[in-house]
Q: 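What follows is a structure written as structure tokens; I'll ask about it next.
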Amino acid sequence: MSDNSWSKAVDLVAFFLRKPARMSHLLERIPENWAPGKRRACQSLLFGTVRHVALLEKALDEFIRRRPKPQLWAALLVSSRELMEQPERSPKIVHNAVREIGKRFSKAEKGLANAVLRKVVARIPELLDEPLSAPADLCWRYSHPRWLVDRWLEQFGWEETVAFLQWNQEESAVFARWQRDTEEVTALSPCPNVEGFFKLDPGAWAEISPFVEAGRLYVQNPAASLAPKSLAKAAPIGRWLDLCAAPGGKGLLLEQLSGPDLAEIISVDLPGPRFERMESNFHRYGAKKIRALPADVLKLESEKLGLFEGVLLDAPCSNSGVLQHKIDARWRQSPDGLEDLLALQAELLDAASGFVAEGGALVYSTCSVDSSENDGIIDGFLAKEKGKLFELETSEVSLPWKQGRDGAGIFVLRKKAGA
Ligand SMILES: C[S@@+](CC[C@H](N)C(=O)[O-])C[C@H]1O[C@@H](n2cnc3c(N)ncnc32)[C@H](O)[C@@H]1O
């Protein structure tokens, strides 16, 4: 059992190298009784290493003939990340790393670490300054898989892809909004351009966590408000259906945006831990009009649920718009996985359309910037028999590198009168 934040970060990085896991799952492996400072130090090393893993690997590979066993490789990566972040502390970082590596590995491995890390100190700044001219350069410089870089180059071109990759490599900010009532909190400053949202000062989590625990402040990116706002604007009063709803952030905003006359919101997600988290969020945040329903959207029956004036489908997606804070997601996706997602998104939209009342609004949303998951799904739907009952009223794609918030796709479809 590792007893310091560096060793724990090494264990977690080694774990990630074996199989890219969600960061949230890895963080659960940090002992609960650790002091906040120690926990933060471990988290920062883990996140920094995973965020820049391909760049760090390139720097190390240049000085190592064959990669060592995963645990030592992870130790070298974590140390290289420290050297990248604080080059002015390099003698101390190398000294500490070699000492820790000496405790866990052989004398020869300790010697190897010492020699390699001393060279990496100088190599990282050189790599950061190297001109980038080919897609492969973008992959190591910004630590993204080739297939994603190729997709984006095709969709956005070189300059915008570079801007996107740079955005993904920045530390993400934390945003939040008040759910029930508001309060003046110095660590929160209003978000320019997005009403009702606040940005948290870095490192000030302790100041807001009591409000989050009390169910008053909900942590959410401003881009997540676009779909609920679109539905609230487009849907007539009546009943609203919130599909693919867990953990409930958009449902809670829908309730806040609904007027006093809205009868109810039904929030549906698959049974399981995410659904339970949604239920507990609704309870904690005092939701009054929302009913949580554990079910598969593809098996829901409109005969039982009836029709709704507003339907929001927040489809599962590749997460390509939220890679800045979901830093593991780029390594957990694959071209085949994307194909499966596209098929699921099309099926879910098909199913969701069956719950819309005449004249009602259907909002399809993703947190992806990939056109296949946005326009591609909408075009495919509108070309189908069921799609002919709808018309596309508005569409918006939020691009992180342009708008300074998460990426998202939001499409408002109207069910035609008499359809
Ligand atoms: C983008 S997340 C939803 C986020 C949520 N709307 C919010 O604002 O907090 C997508 C959700 O789709 C759910 N999902 C995927 N397939 C589903 C299905 N067949 N039926 C119901 N929910 C499904 C997942 O469990 C996941 O919670």
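Ligands are counted one by one from 1 in listed order, and the atoms in each one are counted from 1 as well. Only heavy atoms go into these numbers, but all of them, side chains included; no hydrogens, no water, no symmetry mates.
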Q: Of the backbone atoms (N, CA, C, O) and the side-chain heavy atoms from C-beta on, which set of Ala295 has a member under 4.0 Å from an atom of ligand 1: side chain, backbone, both, or neither?
A: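 The backbone, only.
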
Q: Gly249 to ligand 1: N or O pair under 3.5 Å?
A: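 Between Gly249 and ligand 1 (N or O atoms, distance only) the closest approach is under 3.5 Å.
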
Q: Please confirm whether Ala315 approaches ligand 1 to less than 4.0 Å, judged on its heavy atoms.
A: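 Per 4.0 Å heavy-atom rule, Ala315 contacts ligand 1.
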
Q: Write out the residue and atom name of the closest protein heavy atom to atom 15 (C) of ligand 1, then the distance separating them to 0.1 Å.
A: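 Going by distance alone, atom 15 (C) of ligand 1 is nearest to Pro316 CG, 3.6 Å.
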
Q: Quick check on contacts: which atoms of ligand 1 are under 4.0 angstrom from a heavy atom of Lys250?
A: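 Checking each atom against Lys250, I get 7 (C), 8 (O).
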
Q: Do any nitrogen or oxygen atoms of Val297 lie less than 3.5 angstrom from nitrogen or oxygen atoms of ligand 1?
A: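 Right, the criterion is met.
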
Q: For ligand 1, which atoms sit closer than 4.0 Å to a heavy atom of Pro247?
A: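 Answer for ligand 1: 9 (O).
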
Q: Just checking Phe175 against Phe198, ring centres under 6.0 Å apart?
A: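 No, the ring centres sit 6.0 Å or more apart.
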
Q: Students should be able to answer this: which protein heavy-atom is nearest to atom 12 (O) of ligand 1, and at what distance?
A: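 It is Cys244 CB, 3.2 Å.
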
Q: Between Phe381 and Tyr364, does the ring centre distance come in under 6.0 Å?
A: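 That pair fails the under 6.0 Å test.
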
Q: May I ask you to check if Arg29 and Phe15 form a cation-pi contact, with NZ or CZ under 6.0 angstrom from the six-membered ring centre and within 45° of the axis?
A: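 Yes, Arg29 and Phe15 form such a contact.
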
Q: Do Gln256 and Trp178 have side-chain atoms, one donor and one acceptor, less than 3.5 Å apart?
A: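 Short answer, no.
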
Q: Are any of the side-chain nitrogens in Glu130 or Arg141 under 4.0 Å away from the carboxylate oxygens of its partner?
A: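 No, no charged N to carboxylate O under 4.0 Å.
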
Q: What residue and heavy atom of the protein are closest to atom 11 (C) of ligand 1, and at what distance?
A: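 Ranking protein heavy atoms by distance from atom 11 (C) of ligand 1, first comes Asp269 OD2, 3.6 Å.
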
Q: When you measure from atom 10 (C) of ligand 1 to every protein heavy atom, which one gives the shortest distance, and what is it?
A: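 For this ligand atom, the closest protein heavy atom is Asp314 O, 3.6 Å.
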
Q: Any Lys/Arg nitrogen of Glu391 or Lys415 sitting under 4.0 Å from an Asp/Glu carboxylate oxygen of the other?
A: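 No.
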
Q: For atom 2 (S) of ligand 1, find the nearest protein heavy atom and state the residue, atom name and distance (0.1 Å precision).
A: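 Nearest neighbour among protein heavy atoms for atom 2 (S) of ligand 1, to 0.1 Å: Arg274 NH2, 3.6 Å.
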
Q: At what distance is the nearest protein heavy atom to atom 19 (N) of ligand 1, and which residue and atom is it?
A: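 That would be Asp296 OD1, 2.8 Å.
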
Q: Please work out which of the three classes, parallel, tilted or perpendicular, describes the rings of His144 and Trp152, given edges at 30° and 60°.
A: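 Geometry flag for His144 against Trp152: perpendicular rings.
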
Q: Is it the case that over 12 heavy atoms from other parts of the model lie below 6.0 angstrom from the NZ atom of Lys384?
A: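 Above 12, so yes.
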
Q: Thinking salt bridges, do Asp370 and Arg151 make one under a 4.0 Å N-O criterion?
A: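 Yes.
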
Q: Do Gly248 and ligand 1 have an N or O pair less than 3.5 Å apart?
A: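 Yes, at least one N or O pair falls under 3.5 Å.
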
Q: Just to confirm my output: which protein heavy-atom neighbour is closest to atom 7 (C) of ligand 1, and how far is it?
A: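 The protein heavy atom lying closest is Ala245 O, 3.5 Å.
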
Q: Give the residue, atom name and distance (to 0.1 Å) of the protein heavy atom nearest atom 16 (N) of ligand 1.
A: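 Going by distance alone, atom 16 (N) of ligand 1 is nearest to Leu270 CD1, 3.8 Å.
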
Q: Do Leu138 and Trp158 come within less than 4.5 Å of each other through their side chains, counting heavy atoms only?
A: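 Yes; the side chains approach each other to less than 4.5 Å.
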
